Amino acid sequence: MDLASILLGGLAAGMVLFVVSVGLSVTMGLMGFVNLAHGGFAMLGGYAVVLAMRHWGLPFSAALAFGFAAIAALSVLLERTLYARLYRASELDQVLFTIGLVFVMIASVTLAVGPESQRVELPAWLDGQTDLGFLRYRSYSLALIAAGTLLMLALWLGFERTRTGAKIRAAVDNRRMAESLGVDVGRLFTLTFALGSGLAAVGGGLGAEILGLDPQYPLRYLAYFLIVVAVGGLGRVTGVFCAALLIGVLDFTLKIYFPKGGTMFIYMLTLGFLLARPQGLFGKRGT
Amino acid sequence: MNTKTTLTLAFTAASLIAAGAQAQTVKIGVVLPYTGVGAEFGQQVDRGIQMFLKLNPTAFGGHKVELVKRDSKNPSGAEAKTAVQELIAQDKVDLLTGFIYSPDAIASAPLVSAAKKPMVVMNAGTAWITNLSPMISRVSFSMWHSGHAMGEAAAKLLKAKTAVVGYSDFPPGKDSLDAFMRGFEAHGGKVVDAIPMGGPGQVPDFTPFFQRAKDRKPDVFFVFVPAGDHAVSVVKTYAALGMRQAGIKLIGPGDITQDFKLQAMGDDAVGLITMHHYNADLDNAANRRLVAAWRQEYGANAVPDFMGVQGYDGMAAIAHAVTALKGSMDPDKVQAALKGWKYADSPRGPISIDPATRDIVMNEYLSELVKKDGRLYQKNIGVITAVKDMCKELKQGKCAN
Amino acid sequence: MSSAAMHELAMRHRLQWWEALPWAAGLAAFFLFPNYLAFGTQVLVTILFALSLDLVLGYAGIVTLGHAAFFGAGAYAVGMLAAHAGWNEPLSGLVAAALVAGLLGLVSGWILLRTHGLTLLMLTLCTMALLEQAANMFSGWTGGFDGMPGLSFTPILGLFEFDVLYFRTQYLYALAALLLGFAVVRVLVYSPFGRSLTGIRENLLRMHAVGAPVRARQVLVYAISAALAGVAGAVFVQATGYVNLAVLGLERAAGVLIILILGGYGRLYGAFVGALVYMLLEHTLSKAYPTAWQLGLGLTLMLVALFARNGIFGLGDALRRRWSAR
């Protein structure tokens, strides 16, 4: 298999990881909150997309937008009523809470929709293959790569070039200092939480072709999301981007040449990398 | 708070044996994953059980049947074992059934041996399970049923000379590989590459594995993945890589065309050839009746699949034992009644239980997916009748014990 | 021993009278619930496992998502010895399991405990996942996904046979193992070594400043905890006669973490309370509502997290404070 195909395949898979994990990285970096229910928001988003398409006949893109909005709204509700109470709690209490929340999410979806996995109907323009000139490749994968890159640029611009972005970065680096400078950290939390969860929702819907969509989704991929965040470095969008792509490409390549031990290599590489560089790709030392 | 689900059969007044139908209640423990990763399969088997009871109210000869349902939760076997222990010790069931995952059945074997409780396996497909205890009989399948038959059919009917096998890297996958290879090479074919494609847990991106298979240019690409999401992804990847245009036929056991996911596969799946003991399009009276009743009960888009039929047939087997023994479920007599049991009215055609191995003997149907009236439809292109589990027949590996 | 000496011993280790209660309850359960001893054995094994986790989490402040690596190491050690080497004497099997798991803990602790926080969490997870993958790869040795069924063990001390159907022997065996493990943990926690651990947990900088061998202590307690987890895994396999990949899975590792947090970490008995409450709740709910029990369980976890600091024990503390403040 030629290099271009391998690269594209890996990048596509990595993009899905990026879209879902970026929210987790920012909320963990910004709020120091261990939100293990993050995958649950991705799942709920995927279901929102599927149900919107099925029952309201929304086209794919509109359904994705709906998913973003719906889950962002839900996350704001949860954040204000429940999460906010636990900001001062120990990390382990946060773990307990979010795991409980995941159980509730899984059970609710199972009871409301059923345990079967759901399929996302891709629109015609995403189906099949696209001719790139030097290569024909799966349209859906190419769309993922494009979407992920655009998102990355948008987020980067948002964080680096806007005032809100600057405030968020400041709060990630030194919350107390930011507060003393008059930054309303509480509102920032809500904003970033909503953004992160909304993005996870989009990732859930967009990535359903690759990662699937069923009630077990949040727990099945939790380890992957956490690895991406750890390798990328907390709170760094560029970090998550690079980590996700790296892991996506490596995973993909290894599976072709070493199908027997594929997943093992990811864990070994992560192990080696984090031992050599505990703060992740772009994290701060001493995090 | 209900601790048991009770299903009471209605006595059909006139047609029953008038005198002394001493209706004893038969307690059946049903161990299925009602939550967790196997929940959708547990649901199918459970529905199959309910459908049998609904469509055959007199099958139990007037004896009351009480189903005690327990959630086996995850495929580790530990929960199933605890559930079985309590069903035997506390609930004092007469019989156990269910068991989707092989570890669940494997873990429970010593218990049913020690307690002498008949166990009718409704899914778990590892071939040597029936060897673990004389109390175990199976109405579902072993991977060798479909795998070996497919290998034979690929060589004889599809005239393939070379094959690549892609399989999920866990025992059913390896069984499927071994079975196919045995059947295929026994009839003149050659397996040129065997590609493990990740574990059963997550749905991996199959693109790298399929690309590797495509590069080998085989006549057929035999794929085994667990029933469920993997199958849909398989079909999509096959289409996305243009493998059909490259002249590679996609074949596999019917696990990859599980009926309730079939329509979701879309047009990419047309041309897929599978071998299985059941699909919802089988044309016999019993199946037509089942499919119609299923749709009525569970919705127009609901459809039975091989797991549903296994639940159905499992109850048929148990009903046979109950009526033959008039409700007094002595374990040795139950096993005797089940051995050699023949059932012509199964939705999958005639089935029986092999007295030597207590495993199922059934037809394997070769089908091709076609598009008919706007939906995907399994067209029957061949059948191998009365297929036994070849692993035990040929005493392969662990089946030799 | 004279009563004065006994009193002195009890005071030194701060033994309270009510500490006999859990063991009395455990024995009482044996007589009161003879049909549920399989479940009971699972609870006891989980308590021992949670206790081992408490040693590192509650007392040394090391958060790990990979503790099932040691549970699994002990489990497979016993399983493979029985299946491949014909070594099925249970008590020596426990010792072997403890050694294997402890060694694994020593090595991995020495390598991993340089890091902390999310990084350490992920590293422990990766280590465990690697072991799981390895067990799957070498399925000829481990039985892979289907595992190794039909493991049999000789009677304990030549007298007590393993009871396949009612789990009577297994239950008492697990209870004894738990008592032993608990004794080890308790002595450790109240010893000077244990004090230094608390110091490390509470104020790392100061411990460094006073020249305490921080890293060495952490690795040591990690190894001891690993050995204990290995014993729990070994008891599990000996009791059920079956081992498969699930002993190394994330589900087991995350499950024991949740149980410990629920009960209250750093509280010695948190493991007992957490395991009992969680498993009983799960067991009864799933019997009553086979499809919906996760909802109830999830809500319970959320409520405890929201209203209690440090789990059920924390809840008890808060209530006790309210009571005495009246």
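Sequence lines set the chain letters: A, B, ... in the order given, protein chains first and strands last, and positions in each chain run from 1. The structure presented is a predicted model; accordingly, all values stated were derived computationally and were not measured. Basis for what follows: all heavy atoms, side chains included, without hydrogens, waters or symmetry-related copies.
Heavy atoms of T127(C) lying under 4.5 Å from chain A belong to its backbone as well as its side chain. Contact annotation for I258(C): both backbone and side-chain heavy atoms come within less than 4.5 Å of a heavy atom of chain A. Residue L260(C): no heavy atom, backbone or side chain, is found under 4.5 Å from chain A. Heavy-atom distances place no part of N136(C) under 4.5 Å from chain A, backbone and side chain included. Contacts of M28(A) with chain C are made by side-chain atoms alone, with heavy-atom separations under 4.5 Å and no backbone atom involved. For a residue to count as touching a neighbouring chain, one of its non-hydrogen atoms must lie under 4.5 Å from one of that chain's; by this rule A308(C) touches chain A with the backbone only. Of the two parts of L274(A), the backbone and the side chain both hold a non-hydrogen atom closer than 4.5 Å to a non-hydrogen atom of chain C. With a 4.5 Å cut-off on non-hydrogen atoms, L82(A) touches chain C through its backbone and its side chain both.
For a heavy-atom cut-off of 4.5 Å, chain C lies close to no residue in residues 238-250 of chain A.
Using a distance-only test at 3.5 Å, with no hydrogens or angles considered, no donor-acceptor pair links the side chain of E79(A) to the main chain of A194(A). Between the T115(C) side chain and the L112(C) main chain, a donor and an acceptor come within less than 3.5 Å of each other. Checking side-chain atoms of Y289(C) against main-chain N and O of T284(C) turns up no donor-acceptor pair under 3.5 Å.
Using cut-offs of 30° and 60° for the angle between ring planes, the F33(A) and Y83(A) rings count as tilted. Between F70(C) and H67(C), the two ring planes are perpendicular [angle over 60°; tilted spans 30° to 60°]. The aromatic rings of Y224(A) and Y267(A) sit tilted relative to each other, their planes meeting at an angle between 30° and 60°.
For the set I227(A), V229(A), L271(A), the entry with the most heavy-atom pairs within less than 4.5 Å of chain C is L271(A). Note on L226(A), V95(A), T110(A), I106(A): by heavy-atom pairs under 4.5 Å with chain C, the leading option is L226(A). For the set L301(C), L250(C), L297(C), L123(C), the entry with the most heavy-atom pairs within less than 4.5 Å of chain A is L123(C).
Residue-environment remark: CZ (R85(A)) stays at or below the threshold of 12 foreign heavy atoms within 6.0 Å.
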Step-by-step side chain to side chain contact (heavy atoms under 4.5 Å, CB included) determination, H38(A) to Y221(A): CA-CA 10 Å; H38(A) 188 78; Y221(A) 293 112; over 6 Å; no
Test side chain to side chain contact (heavy atoms under 4.5 Å, CB included) on L96(A) and L92(A) and set out the steps. CA-CA 6 Å; L96(A) 190 66; L92(A) 292 171; over 6 Å; no
What verdict does the side chain to side chain contact (heavy atoms under 4.5 Å, CB included) test give for T119(C) and Q279(A), after you've listed the backbone C-alpha separation in whole Å, the side-chain angles of each residue and the deciding distance to 0.1 Å? CA-CA 7 Å; T119(C) 311; Q279(A) 71 271 35; over 6 Å; no
Walk me through it: do T64(C) and L120(C) pass the test side chain to side chain contact (heavy atoms under 4.5 Å, CB included)? CA-CA 7 Å; T64(C) 160; L120(C) 177 61; over 6 Å; no
